[in-house]
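Throughout, numbering of the chain's residues begins at 1 and tracks the sequence. Owing to the predicted nature of the structure, the values given are computational and were not obtained by experimental measurement. All values below were derived from every heavy atom in this structure, side-chain atoms included, with hydrogens, water molecules and symmetry-related copies excluded.
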Amino acid sequence: MTLRHRTVQRTGCEIHYWTGGSGDGPPIVFTHGATLDHRTWEPQIERFAARHRILLWDVRGHGRSIPNRTPWSLDAATEDLLAILDGEGIERTVLVGQSMGGNLSQEIVYHHPGRVSALVALGCAGNTLPLSRRERLQAAAVVRMLPWYPRKALIRQEAKASARDPRVREYVLDTASRMAHADMVAVMASLVGALHPEPGYRIDVPELLLHGEHDRLGNFRTAMPAWARRDPLARYLVVPDSAHLANQDNPAFFNDAVLRFLTEHGLDSPKD
């Protein structure tokens, strides 16, 4: 299907986004991971647009939303998305985020819970979960190391870890290569800095938490089950035969799981 391309001017950056769909279900916003772009969600477009109004976007400093002329921060990117939603007249939406996109979506849930119907988080850290001393030290070490890590090696390692499908790895190489090294470092450091454990906090909207069976990035294997136990409306699933970009490695499983989840919570408009 053809998506409508739109832009919005924000401080230091022109944000590009795409809308489509004609279904009766609630709107769905798809947010990609670090160094990627809206094409991450190509395997989802046709299926979801038949049942929902959908919105995809390139987060500032990524894809078509380059250049970003201000220091990158998750807060700024979150405000960008809220501005897009306001401009599109979307009061309440389902947020679907992969990796960084899941972190960004969680910040909207935390600060603006009334804007969110449900959260689907794929392969991302829990922003508000407690961190062990070891996890805090590891996160600090990553931030210190990133500025000195060779750019080409970082991109190659990211592509290899992101997917099992060679075509998806090529996509990651393409998108990551378009980013300046300084921007890449700033994004990843900002994500680490955005973790803010909140004792006693619970997310009260329906949540679907997923990671790939072969995802070796982050602490998802241990953190996501704990996350699901914490929140009353959360469900945890492992996507088989997939790595970090599980929605691209195994789109059939991912699409079915998300639509089934939405149906269970009265947030889908079945057409097949």
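Side-chain contact check for Glu88 and Tyr17: at least one donor-acceptor pair (N or O, by modelled atom type) lies under 3.5 Å. A donor-acceptor pair shorter than 3.5 Å cannot be found between the side chains of Arg10 and Ser65.
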Pair Arg47-Asp256, salt bridge (Lys or Arg N to Asp or Glu O under 4.0 Å): steps then yes or no: CA-CA 9 Å; Arg47 186 88 183 272; Asp256 286 346; 2.9 Å; yes
Ser177/Ile155 under side chain to side chain contact (heavy atoms under 4.5 Å, CB included): CA gap, chis, key distance, verdict: CA-CA 7 Å; Ser177 297; Ile155 292 173; 4.1 Å; yes
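Side-chain contact check for Glu213 versus Asp241: some heavy-atom pair is nearer than 4.5 Å. Side-chain atoms of His211 and Tyr236, non-hydrogen and from C-beta on, do get closer than 4.5 Å to each other. Side-chain contact between Gln44 and Ile28 is absent, with no heavy atoms from C-beta onward closer than 4.5 Å.
The distance from atom CG of Leu154 to atom CG of Leu146, rounded to the nearest 0.5 Å, is 6.5 Å. Rounding to the nearest 0.5 Å places CG of Asp183 at 11.0 Å from CZ of Arg60. Atom CE of residue Met224 and atom CG of residue Leu210 lie 7.0 Å apart, to the nearest 0.5 angstrom. Here OH of Tyr201 is found 9.0 Å from CG of Asn127. Values are rounded to the nearest 0.5 Å.
Leu173 and Tyr149 end up in the same hydrophobic cluster when Ile, Leu, Val, Met, Phe, Trp and Tyr side chains are linked at under 4.5 Å. Both Leu191 and Leu217 belong to a common hydrophobic cluster when Ile, Leu, Val, Met, Phe, Trp and Tyr are linked at side-chain heavy-atom distances under 4.5 angstrom. Note on Phe220: it clusters hydrophobically with Leu119, by side-chain heavy-atom contacts below 4.5 Å among ILVMFWY residues.
Listed by chain and residue number, Ala139, Val143 satisfy the side chain to side chain contact (heavy atoms under 4.5 Å, CB included) test with Val192 (two or more places apart in sequence, or in another chain). With sequence neighbours excluded, the residues satisfying side chain to side chain contact (heavy atoms under 4.5 Å, CB included) with Pro26 are His52, Val94, Leu267. Evaluation of the side chain to side chain donor-acceptor pair (under 3.5 Å) rule for Trp57 yields Thr31 as partners, not counting sequence neighbours.
Closest approach of Glu91 to Arg115, counting heavy atoms only: O-NE, 2.8 Å. When all heavy atoms of Leu208 and Phe261 are compared, the closest pair comes out as N-CZ, 3.6 Å. Nearest approach of Ser242 to Asn250, heavy atoms of both residues: CB-CB, 4.3 Å. The shortest heavy-atom contact between Arg39 and Gln248 is O-NE2, 4.3 Å. Across all their heavy atoms, Gly33 and Ser99 have their closest contact at CA-CB, 4.1 Å. Heavy-atom minimum distance, Ser73 versus Ser190: CA-OG, 3.5 Å.
Crowding of Arg216 atom CZ: a count of heavy atoms from other residues, nucleotides or ligands under 6.0 Å exceeding 12. Other residues, nucleotides and ligands contribute over 12 non-hydrogen atoms within 6.0 Å of the CZ atom of Arg6.
When atom types are taken as modelled, the side chain of Asp249 and the backbone of Val239 share no donor-acceptor pair closer than 3.5 angstrom.
Between Trp41 and Phe254, the ring planes lie tilted relative to each other; the angle falls in the 30° to 60° range. Between Tyr110 and His196, the angle of the ring planes goes over 60°, which puts this pair in the perpendicular group of the 30/60° scheme.
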